[in-house]
Participant: 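Submitted below is the structure of interest, expressed as C-alpha cells.
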Amino acid sequence: MRKLLIWCFKGRVSPTNRSQSKSQGSMGETMEDPSADNAENLNSERSDGNMNNSRGSVASNIIVNHDFSRGLDSWHPNCCHAFVVSAEPGRNHAVVTNRKEHWQGLEQDISGKVSAGPTYSVSARVGISGPIQSSAVVTATLKLEFHHSPTTYMFIGKSSVSKDKWETLEGKFQLSTLPDRVIFYLEGPSPGIDLLIESIVIACPSMIRSVVNENIILNPKFEDGLNNWSGRGCKIALHDSMGDGKIMPMSGKFFASATERTQSWNGIQQEISGRVQRKLAYEVTAVVRIFGNNVSSSDVRATLWVQTPDSREQYIGIANSQATDKDWVQLQGKFLINASPSKVVVYLEGPPPGTDILLNSLVVKHAEKVPPSPPPFIEVDFLLLQNPAFGVNIVTNSSLYEGTNQWFPLGSCTLSVQMGSPHILPPMARDSLGAHKPLSGRYILVTNRTQTWMGPAQMITDKLQLYLTYQVSAWVRIGSGASGPQNVSVALSVDNQWVNGGQVEINGDTWHEIAGSFRIEKKPDKVMVYVQGPVSGVDVMLAGLQIFPVDRQARFRYLKRQTDKIRKRDVILKFSGSDSSSLVGTFVKVRQTQNSFPIGACVNRTNIDNEDFVDFFVKHFNWSVFGNELKWYWTEPQQGNLNYKDADDILTLCQNHNIEARGHCIFWEVDDAVQSWVKSLSTDDLRTAVQNRLNGLLTRYKGKFKHYDVNNEMLHGSFFEGHLGKDIRANMFKTANQLDPTATLFVNDYHVEDGCDTRSSPEKYIEQILDLQEQGAPVGGIGIQGHIDSPVGPIVCSALDKLGILGLPIWFTELDVSSINEYIRGDDLEVMLREAFAHPAVEGVMLWGFWELFMSRENSHLVNAEGDVNETGRRLLSLKQEWTSRAHGHIDEEGQFEFRGFPGSYEVEIVGFSKKVSKTFVVDTGESPLVVPVNL
C-alpha cells in the first residue's frame, strides 16, 4: 500500500521587513491570561453587524478558526503578543497587545485557499483598546511572497475604529498571479494601542457557486486536444480511435491514452490547484479502459496528490475499478482535503507497466449532499399480529416431523432423518427467544459427500424481509473419518453471492452450537440457506436450524436494566457547614458533566487539519487511537528513516484536551502488514530490529499511552512467530512491560464476537491468552476489534461471557458497523454500545472512525464528509445523553441527598440557600454506596 505523507503547519518566523522602520524581531509569544488589564469589555457594543454567522458562510469561509472559538489556533502574532478573551459564552475575541510598531498585528497563512482570478470579499469585526482618546485606523493587508521576486503587500481595506466600540472592516482583493505564499493580517493602530478582533470572514461567492455546479476539470473530454493534461512519468496521446478502429470513444469525439508506462503509478493527470477547496467533498467520475501488453483486465485507480506550502505530500485514494480491454467502464469515488493545499493533482494509475490507460472523460464536481435515509419499511405479519414476526423461525420443517420435506441435497450427497439430537435450543438462541418448546430430537444426516460445500439446503426467498436482522442457530455434528478439527458453516446464497451465516470448528464426535446473523438490504431474486464445511467423505449432522428476526427493542429494554445494575452507583451527598441545620428541605439539583466510561475514536493525522472534525472529536470522545501513525510501517517505512512527527501531532492534540490514547500497535503479525525491508532481514537482524522497535517506541512515549496493542492479530497471522520462534510473542510483551510498566498490554484481534470466523472464536482467543500467560507474558487486557455486520446481542454477549472468565478487562478497540440505511446502521451501533456498556467485563469502547471518507468501511460513518451529523451519529449522542445522570430533590432531615448515578464528574447546585451555591465532585466505580461530603 502507498504510505501517506501527512503534514502539519510549522510555527512561522517573523515576516520580512516592509519598510525601514520595521525590525526583524522574534516571533511574538502567545499569552494565555484572558484577564489581562488591557482587555476591555465591549459586550454592550457588540452586534452582528454585516457578519453572516450562518452555517453556509462559515463553510465557505477560507479563514480557519474565524471566531477564535479554538483560541489562537492557526493565528500568529506578528512580533507582538496575543491572547483570547472569552467574555461571554460562545463569544470570544483576540487581543493583540505589546505592539511597538503600527504594522504589528495578527496574521494567518491562507496559501492554497486562494487562486488567481476570482474576487474575494473580506469582512472583519474589530476594535481597539488602550491609551487613546478617540479613534484609530485598522487595516487589512495581504503579504505576497514569491520564490524568485521580491515580497509585495496588497491593501485590502481599512476602518476607523472608536474606543469601546466594535466596527466592521470590509474590503475586496483579486490576485492576478498566484504567489507561492499568501498571508492575511490585520494591523494599523499606533504603537501601544491594543488591536481587538472578534471574527473574520474571507469568501469568494463566484468560486462557491462554481464549485457546487461545475466540473473543475478543464478540457474534460479532450475537445481542445491535450491542453491542461500531462503524463505522470509517461507520455500521453490523443485518439479518435485505436486498434484498427475497434476502440472508439464512448462519448464525444476523442479520448486520451497514458502510454509508455514503466511503473504502475504512471498515468494521465491534471493539476486542479486553486479550483478545489478544503473541507468540501468532491465526486470523481471517469470513463476508462486499458489497452496492450496482453493484459485483458486490470485495476485502474483515481488518486489525488496534495502538496502543502511547506512541501509535504499526501496521496489520497479516490476510487478504483476493474477495467478491461473490451469495454469502457465507469470509475467513481469521492475525496475531501482537510488541510490547505498549495498544489493538487488528480491522476489515474494502476495497471502493470506496458499497459496503456485510456481515458474518455473525467468529471470532478462538488458532491451533492445525499438526503438522509428514511426509516426502513418493515412489513406487519398480520397472521401473528406482530410487527414484524420477531422470533418466528422462517425455516420450513425445521423439526423434521415431515422427514426431508422442503429440504434438498446441495450436490450429489444423500439426506436422511435420524433420531438422537439435543432437545433444547442452543444457548444463544435461548437468550434471544426465551421460553421455547423443546426441539424434536430429529436431525438430518448427510452422507456421500464428495465436496466440502455439499450439505442440506432450503429455499427461503419469500420468507425474508429487507432490513431485518436475522439470527441463525443450530446444532451441528460431524461423523467419523476426519483427521483433525473441521469447520462447519451455515451459509446463504443470495443471488449467487455467498453470505456468512455462522461458523464453528468441531473436534470430536459431539454436538456443537453454531450461531450467526445476516441481513438483506436489497430485494433478492433467490435466497438459499445450506450447511457445508467438513472435508469430503465426512458426514454432517444438522438439528433444529432456526433463522428468525431478532427483536432489538426488547433486547435494549433488558440491557437498560442491566446497565443500571452494572454501571450505576448509589451516592449520598452529606451536607455540612455553619448553615447546614437550615438546609433541611432545601432543593438541590445534581448534574453529571462527564461520564468517565471510555468512549473513544480513531484519528488520523490528516483529520486534525479539519477544525470541524477536531471540534466533534474533542467534544464527544475522551479516548483516542491512531489509525496508522504509530504502526511500524509508518514510523519506519525505510530502515533507519524514523517518522514520529505525525504521531506526535495527534498526541499533542489529545494531551491539550485531556484525551487518553491507546498505542496501536507495536507490531502487526499479519504478513501483508509487514514492510518489505523488515521481510528482507536475516533472523539475527530481524531479532535486532524487533528489539530496536521496542526500545525506540516505548522509550520515546513512556507514560504517554495508557494501552498498547503489542502484536496485532496473532490469531490471523504468524510472521514474527514464523521467523523468530514461538517465544517471540511472549518476549514482546515482557520487554514492552519492562520499558513502560505504566502501560496496559493488550492482545487485539477481529471476528471474536460475531461467530463468523473459526480462527478467532472466543475459545481460540482464550487458549492463546493462557498460552502467553504461561510463558510469562504480562497480558493486561483483551482487545476485540468489533468490525461487525448485523450484530445480534446474545451472540456478542456470549463471547464477552466466555472471555470474561479470564478476569482481564475487555475493550472493543476498533468498533464500526455498516449499512446503507442510517437508521439500521444506528441500530447496529446501539446494539454494540449497549452490549458493551451493560457487560461488567467491558471497560471501554473505541470507534474505528466516525467521519465520512475517513473510515475503513463504506457506509459506516456517523458524520457526513462536510460535517453533518447523520442518524447514526445522533444515536451515539442520544446514548451518551442517556448515560449522563441527573437528579433533583430535597435535603432530608439528616442533611443528606441520595441518588444513583454513573461514575464521572458532577456538579450539585443548592437552590434556596442564603445564596445559590454550586459544588463539584467525582463519583468513581464501586459497589458500596459512595458518601460525598459537601462542605458549605
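Scope of the values below: all heavy atoms of this structure, side chains included, with no hydrogens, waters or symmetry mates. FYI, the numbering just counts along the sequence from 1. Because the structure is a prediction, the values reported are computed rather than measured.
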Participant: When you look at Leu439 and Leu425, which way does the side chain to side chain contact (heavy atoms under 4.5 Å, CB included) test go after all the steps?
Facilitator: CA-CA 7 Å; Leu439 300 179; Leu425 281 173; 3.8 Å; yes
Participant: Out of the candidates Ile820, Asp827, Ile824, only one should pair with Tyr467 under the side chain to side chain contact (heavy atoms under 4.5 Å, CB included) rule; please name it.
Facilitator: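 Among Ile820, Asp827, Ile824, the one that satisfies the side chain to side chain contact (heavy atoms under 4.5 Å, CB included) with Tyr467 is Ile824.
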Participant: Would you call the rings of Phe617 and Phe850 parallel, tilted or perpendicular, taking 30° and 60° as the class edges?
Facilitator: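 Ring orientation, 0 to 90° scale: parallel.
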Participant: Return the orientation label for the Tyr470 and Phe518 ring planes: parallel under 30°, perpendicular over 60°, tilted otherwise.
Facilitator: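 Parallel, since the angle between the ring planes stays under 30°.
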Participant: For Glu521, which residues count as a salt bridge (Lys or Arg N to Asp or Glu O under 4.0 Å) partner, sequence neighbours excluded?
Facilitator: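 Scan of Glu521 (salt bridge (Lys or Arg N to Asp or Glu O under 4.0 Å), adjacent residues dropped) gives Arg519.
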Participant: Do Lys880 side-chain atoms and His620 backbone N/O form a donor-acceptor pair below 3.5 Å?
Facilitator: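 Yes: the side chain of Lys880 pairs with the backbone of His620.
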Participant: Assess whether a salt bridge exists between Lys522 and Asp495, defined as any Lys/Arg side-chain N lying under 4.0 Å from an Asp/Glu carboxylate O.
Facilitator: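 No, Lys522 and Asp495 are not salt-bridged.
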Participant: Between Thr884 and Gln592, do the side chains contain an N or O donor and an N or O acceptor separated by less than 3.5 Å?
Facilitator: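 Gln592 and Thr884 do not have a side-chain donor-acceptor pair below 3.5 Å.
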Participant: Could you check, using the six-membered ring where one of them is a Trp, whether Trp811 and Trp623 have ring centers closer than 6.0 angstrom?
Facilitator: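 Yes, close enough.
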Participant: Determine whether the aromatic ring centres of Phe548 and Phe390 lie less than 6.0 Å apart.
Facilitator: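 Not close enough - the centres of the two rings lie 6.0 Å or further apart.
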Participant: So how far is it from Met846 CE to Glu814 CD, rounded to the nearest 0.5 Å?
Facilitator: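 One finds 9.5 Å between CE of Met846 and CD of Glu814.
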Participant: Rounded to the nearest 0.5 Å, how far apart are CD1 of Ile650 and SG of Cys602?
Facilitator: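 The distance works out to 8.0 Å.
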Participant: Per the ring pair (Phe, Tyr, Trp, His ring centres under 6.0 Å) rule, which among Trp848, Tyr708, Phe705 passes with Phe626?
Facilitator: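 Of the listed options, the one satisfying the test is Phe705.
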Participant: Stepwise, does the side chain to side chain contact (heavy atoms under 4.5 Å, CB included) test hold for Gln471 with Leu433?
Facilitator: CA-CA 10 Å; Gln471 182 171 343; Leu433 296 172; over 6 Å; no
Participant: In terms of side-chain heavy atoms, does Asn338 have a donor or acceptor partner in Asn610 at a distance below 3.5 Å?
Facilitator: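 Checked: Asn338/Asn610 side chains pair up, N/O donor to acceptor below 3.5 Å.
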Participant: Could you measure the distance from the CG atom of Asn821 to the OG atom of Ser373? Nearest 0.5 Å is fine.
Facilitator: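 The distance works out to 4.5 Å.
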Participant: So, do Phe837 and Trp883 have ring centers that fall under 6.0 Å from each other?
Facilitator: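 Yes, close enough.
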Participant: How far does CD1 of Ile520 sit from CG of Leu468, to the nearest 0.5 angstrom?
Facilitator: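 Result: 11.0 Å between the selected atoms.
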Participant: Between Thr872 and Glu822, does any side-chain donor sit less than 3.5 Å from a side-chain acceptor?
Facilitator: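 No, Glu822 and Thr872 have no side-chain donor paired with an acceptor closer than 3.5 Å.
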Participant: In Å and rounded to the nearest 0.5 Å, what is the CD to CG distance from Glu669 to Asn748?
Facilitator: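 Nearest 0.5 Å value for the CD-CG distance: 13.0 Å.
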Participant: Could you check whether the rings of Tyr750 and His716 sit parallel, tilted or perpendicular, using 30° and 60° as the cut-offs?
Facilitator: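 Tyr750 and His716: parallel rings.
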Participant: Check the orientation of Tyr282 and His366. Use parallel for under 30°, tilted for 30 to 60°, and perpendicular for over 60°.
Facilitator: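 Correct class here is perpendicular.
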Participant: Let me confirm one number: the CG-CD1 distance from Leu803 to Ile769, rounded to the nearest 0.5 Å.
Facilitator: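 With rounding to 0.5 Å, CG (Leu803) is 6.0 Å from CD1 (Ile769).
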